[in-house]
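This report concerns only the one structure given below.
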2 protein chains.
Amino acid sequence: MARSPTTADAFNAIAESSRRELLDVIGGDEVTVSELVLRSGLSQPQVSKHLGVLRAVGLVLVREEGRHRWYRVNGPALKPIHDWVLPFARTWNARLDRLDDLLTELKTTEKPQ
Amino acid sequence: MARSPTTADAFNAIAESSRRELLDVIGGDEVTVSELVLRSGLSQPQVSKHLGVLRAVGLVLVREEGRHRWYRVNGPALKPIHDWVLPFARTWNARLDRLDDLLTELKTTEKPQ
DNA sequence: TTGACGTATGCCGATATTGGCATACATTAG
DNA sequence: CTAATGTATGCCAATATCGGCATACGTCAA
């Protein structure tokens, strides 16, 4: 047997720092591959391959426009990771213990738009 | 070049689901290896090897007692992961946008022990 | 049509992993 | 002392990765 494929899930996909970096660079924007090559310093094939992995696990979404590909981060795909870490986060950040209460409270307090 | 070693950092270490499971099983307790073997269903050598990886990245701490090894989770070692995901979490959970304000507010409100 | 541009793929070598089984090591029981 | 218990390691085979370089493909410009 071997290690799980990087395309197995979000956990494996983000194990590679280059891919986390790409997600960081994309951020909340919609970016083109060549733009990512410039901003990341990685080679073009490298960027395309990493994007392929991120695409495979749904961490990025693409919009095709002519010969360009506009990539953007698909946040919710990271939810499993956030959900998995949260319980442990409570152990080092006591204030997170109150998070649930706070969110509930906030939900009640805030005005719907 | 090859994939980063699993012992490179917490991100790589938790990419393997068996290791996440072990961390979940340990939870907030202090558990013995044989205890983990029973609760996880993994073979003893497998558990020991995975624990070795988790130890290498500081995700677990051990206390030696005779021929027993008591393992416990070292929460803070997961902080880099939590920190990395948080910004993205805000994109799918709008309420997290207010988290900082809330924490600050709570900090002011709560009484020191 | 021909060529330039933007992306994705293919092939390669080097490397590290995972589970299984056997086994070594240290500690405690008889 | 000898055996049993609790853990860690070693070796193996199968697999998948990552970067580099070349190259294929589709689209738009002259």
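In the text below, chain A, chain B and the rest are named by the order of the sequence lines, each starting its count at 1.
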Below 4.0 angstrom, which residues in residues 36-60 of chain B have at least one non-hydrogen atom near DNA chain D? Gln44(B), Pro45(B), Ser48(B), Lys49(B), Arg55(B)
How are the rings of His82(A) and His82(B) set to each other: parallel, tilted or perpendicular (split at 30° and 60°)? parallel
Taking donor-acceptor contacts at under 3.5 Å, does the side chain of Arg67(B) reach the base of dT5(D)? yes
Are Trp70(B) and Val62(B) close enough that some pair of their side-chain heavy atoms sits under 4.5 Å apart? no
With respect to the phosphate group of dT27(C), does any side-chain polar atom (N or O) of His68(B) fall under 4.0 Å of OP1 or OP2? no
Trp70(A) atom CH2 is separated from dA8(C) atom P, nearest whole Å, by 13 Å
Would you say Tyr71(A) reaches dA8(C)'s phosphate, i.e. side-chain N/O to OP1/OP2 under 4.0 Å? yes
Main-chain N/O of Leu42(A) paired to Ser40(A) side chain as donor or acceptor, under 3.5 Å: yes
Give a yes or no on whether the backbone of Thr7(A) and the side-chain of Asn12(A) come within a donor-acceptor separation of less than 3.5 Å. no
Would Glu16(B) and Arg20(B) pass as an ion pair if we require N to O under 4.0 Å? no
So, Arg55(B) and Tyr71(B): side-chain donor and acceptor under 3.5 Å apart, yes or no? yes
Ser34(B) side-chain N/O to dT5(D) phosphate OP1/OP2 under 4.0 Å: no
Do any N or O atoms from the side chain of Asp29(A) and from the backbone of Val31(A) form a donor-acceptor pair under 3.5 angstrom? no
Want to settle it: does Glu65(B) or Ala2(A) sit nearer the 5' end of DNA chain C, counting the closest nucleotide to each? Ala2(A)
If you take any heavy atom closer than 4.0 Å to DNA chain D, which residues from residues 3-19 of chain A end up in contact? Pro5(A), Thr6(A), Glu16(A), Ser18(A), Arg19(A)
Can Arg19(A) and Glu21(A) be counted as an ion pair, charged N to O under 4.0 angstrom? no
Given the rule in the ring pair (Phe, Tyr, Trp, His ring centres under 6.0 Å) test, do Trp92(A) and Phe88(A) qualify, once you have shown the distances and angles that lead to the verdict? CA-CA 7 Å; Trp92(A) 77 74; Phe88(A) 295 103; 8.5 Å; no
Between Arg69(A) (CZ) and dA8(C) (P), how many Å, whole number? 6 Å
Could you check how far CZ of Arg63(A) sits from P of dT27(D), rounded to whole Å? 16 Å
